[in-house]
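Counting convention: from 1, in listed order, for ligands and their atoms alike. Predicted, not measured: the structure shown is a model, and the values here were computed from it.
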Amino acid sequence: MPFLELDVLNNPNNAILGIDLGTTNSVAAIWQDGRPTVLRPPGQNDGRIPSVLHFPEDGGIVVGRNARALATESPESSLFSVKRLMGRGLEDVRTDLDGIPFEGSETDSGLLQLEIRGKKYSPQELSARILHHVWQVAGAALGELAPLRAVITVPAYFDDAQRQATRDAARLAGLEVARIVNEPTAASLAYGLDQKNDGTVAVYDLGGGTFDVSILSIEEGVFRVLSTSGDTHLGGDDIDQTLVELALSELAGKADEATLADPAFRQGIRLSAEKCKIELSSRPESELHVVAPEHGIAWRRTIRRAELEERIAPLIQRTLDACRRAMADAKLQPSDIDEVVLVGGSTRVPAVRSQVQEFFGREPHTALDPDEVVALGAAVQGHVLSGGTRDMLLLDVTPLSLGIETMGGAVSKVIDRNSPIPTQVTEGYTTYADNQTGIDFNIVQGERELARDCRSLGTMKLSGIPPLPAGMARVAVRFSLDADGVLNVTAKEESTGTEASIDLAPMHGLTDPEVEQMLLDSYDHAQEDFDASRLANLRIEIGTMSRAVSSHLASAIGLDRDTVLDIEEAVAAAEKSATTSDVAAVQAARDELERATLPLAAALMDSVAKRALEGKTLDQV
Ligand code: AMP
C-alpha cells in the first residue's frame, strides 16, 4: 500500500481528523475556524467519498469516486459495503457474500478473507484502502498533509470484534485512532447536544442500505447509548426498488423476458428510479423514464409524490417498528424524547421526516446535511481530544452482554448488556477436575443462555495452575472494556498467588503479529502498489477525458483549427501512453491532455451559458 513516509509523521498543530467510515460513502471533516468543516475533494461540493473498491485487470486498486464509476461498468471487479464484513466470520456474512462477486474463505484463526484477482484480502485490509484514500482526499482538500490521528465512527451496535477490526484497518492505513465514537453520538455532537445538561435523544439514521435508530441519554454533557435497533438491510435502495418494480410491471407487456432480465437494463431502471425519488423530495411530481433504444424501449410515466408515499408506507412503518423496539428497550415513551436527530440521505424524503416527527412528537433537527452530520460530529470529538474546548467525556454502553462459556456450554455473564463503558468487572472461577493445570476460556458476546447461540469473540488458555483438588484453585478473570468498546480479558490464579498470563486470540480479527506483518508487507510493496494504483487512476482519467473530447469536440463552437489539432494530438498521445506502465510518462501525458482540452472546456461552458440564457434548462443543452 502507498503508506506513509516518515516526513509526514509530524503534525504541527496536533489536529485530529474526523472520519465517518460508512457502508456506502465515507466523509472526512476537521475542526477549522471554530467549527467542524467537511473536507471536500477539490472542485467538488459533495463531501461524500464512495466506500467502493475497484480491482482493474492489470493490477492496482482504485478507490472512491473513480471506483464507483468503474463499478457501474464492471461490477464483477468491484467491491461495495466492506463495512458489513468487518470483524465478522464466514458464517456471519453468508448472505452478504451472496451479493459480492468474490470468493470468501476463513483462515484457521477465523479471519475472513476475500480472494480478489488471485490475492487474499481481509476486510481490515480493504477497509484500510478506503481509510487511506479518505486521508488522501482530506489532504487534497486541506492543501497539506492531513493529520494522522483520527476519530473514526462506527454504528452503536458494533460489537467488540467489529470495533477492533476498524482500529486494525486504521492502523494498516497508517492512522492512529484517537477514539472510536458511535455514529449517533457523533451526530448529536454535531448539533451541539452535548451542551445540554441532560435530556434524551433519538437518532434516526436511514441511509442507502441500512437503518439504525439509537436512543441516547445526556447527563451533564455525557452521552450514554440506552438502546439501539434497526435493520441492516433497509434503506433508500428499497425505496428505489418500489419504483423499479412499478416500472417493470408496466413494462411487462412491452419488453421481452430477456430484456427485462438484462442486468444493464435493470441498472438503467434503478438509476432512473433513484433520480425520480430524489426529485420527489423537492417537487410534487417527477418523471420515471426507461429509455433503451437498443431494446426498442422508450417508456415514461409521471409519478406523484403521493403515489411514492403510498408505495413506501410499509418501509417507513418498518423503521417506526424498530423505533418502538428501541424505545421499549430503553424503557421510555416517545414523549420522553427531547431531541430527534436525522442522519442519512434517505431522511430527505418528506414522508420520512413527517412520520418521524409524528412518532416522537418533536420536530427533528435537520439543519445539517444528513450525509455529513456524523463526520462533523467526529471532527468535534477530534477537536475536543486534541485539547480544544467543549470538555466532555463520552460515555457509551456495550450493546451486548459479555461472558464466559462454563461447563456444559452455559454462559456466565461478566458484563451485562447496556453497561456504561469504560468498565472493568472481575469474576472468580475455579477448576472442575482434580489436578487440573489449565483452563480454556471461550469469551462470548450475546444474550442467549448457551454459548453456542452466542458469538464467540475468542478463546484463551490459562496454564500453569498448580495441581489442586477440584474447586480449590481460585481464578480471577477480569473483563475490561475501554472507552472505544474494545475488550481486554486477563486471568490470574489466586489461591497460590501464581500468575499466569493469557492472550485473547480474536476469532475474526487480526493478531498484533498479523497486523505487524501486514504493515511490513505493505512497506515492502508500497512503491509497487502505489504505482499500480496510480496507473489505474491515470488510465481512468485519460479514458474519461478522451470520451468527453470525442463526444463534444465536433459540436464545440469557436475553436480554431490549431487548437482542435492540439487536442486531437494530446488525446492520441495520452491514449497511447495509457497502454504503457511508465507512471511518470502517463502522468505527463494526462497533464498534457488536461492542458490541451482547457479551451474546449471553456468553449463548452460558453455555449452552455448562452443556451441557458436563451431560456433552455441545462439538461436540455
Ligand atoms: P447515505 O447512505 O446516507 O449516503 O444515503 C444515501 C441514500 O439517500 C440513497 O439511497 C439516496 O438515494 C438517498 N437520497 C439522497 N438524497 C436524497 C433526496 N433528496 N431524497 C431522497 N433520498 C435521497
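For ligand 1, the polar-atom distance check against Leu206 finds no nitrogen or oxygen pair separated by under 3.5 Å. Considering backbone and side-chain N/O of Asp240, none are found under 3.5 Å from N/O of ligand 1. At under 3.5 Å, a nitrogen or oxygen of Gly345, whether backbone or side chain, sits near a nitrogen or oxygen of ligand 1.
Between Leu246 and Arg301 the shortest side-chain heavy-atom distance falls below 4.5 Å.
Numbered from 1 in the order shown, with element, the atoms of ligand 1 that lie under 4.0 Å from a heavy atom of Gly344 read 3 (O). With ligand atoms numbered from 1 in the order given, ligand 1 contributes 1 (P), 3 (O), 4 (O), 5 (O) to contacts under 4.0 Å with heavy atoms of Asp371. Within the listing of ligand 1, atoms 4 (O) sit less than 4.0 angstrom from a heavy atom of Asn25. Of all the atoms in ligand 1, the ones that sit under 4.0 Å from a non-hydrogen atom of Glu274 are 9 (C), 11 (C), 12 (O). Those atoms of ligand 1 with a heavy atom of Gly236 less than 4.0 angstrom away are 10 (O). Remark: ligand 1 atoms within the under-4.0 Å shell around heavy atoms of Ser281 are 18 (C), 19 (N), 20 (N), 21 (C).
In this structure, Ser346 has a heavy atom closer than 4.0 Å to ligand 1.
Each of Leu193, Val340, Leu342 was compared with His365 under the side-chain contact (heavy atoms from CB on, under 4.5 Å) criterion, and only Leu193 meets it. Just one residue in the list Leu90, Asp92, Leu112 forms a side-chain contact (heavy atoms from CB on, under 4.5 Å) with Leu85, and that residue is Leu112.
Evaluation of the ring pair (Phe, Tyr, Trp, His ring centres under 6.0 Å) test over residues 64-103, restricted to residues two or more places apart or in two chains, returns Phe55-Phe102. Residue pairs meeting the salt bridge (charged side-chain N to carboxylate O under 4.0 Å, His left out) criterion with at least one partner in residues 31-44, sequence neighbours excluded, are Arg40-Glu372.
Among all protein heavy atoms, the one lying closest to atom 6 (C) of ligand 1 is Gly208 N, 3.7 Å. The nearest protein atom to atom 16 (N) of ligand 1, hydrogens excluded, is given as Arg348 NH1, 3.0 Å; this is a heavy-atom distance. The protein non-hydrogen atom at the shortest distance from atom 13 (C) of ligand 1 is Lys277 NZ, 3.6 Å.
The structure places OH of Tyr157 at 7.0 Å from CD of Gln162, a figure rounded to the nearest 0.5 Å. Between the NZ atom in Lys275 and the CD atom in Glu287 there is a gap of 9.0 Å [rounded to 0.5 Å].
Relative orientation of the His383 and Trp31 rings is parallel, given thresholds of 30° and 60° on the angle between their planes.
Contact detail for Arg270 and Val244: the closest heavy-atom pair is CA-CG2, 3.8 Å.
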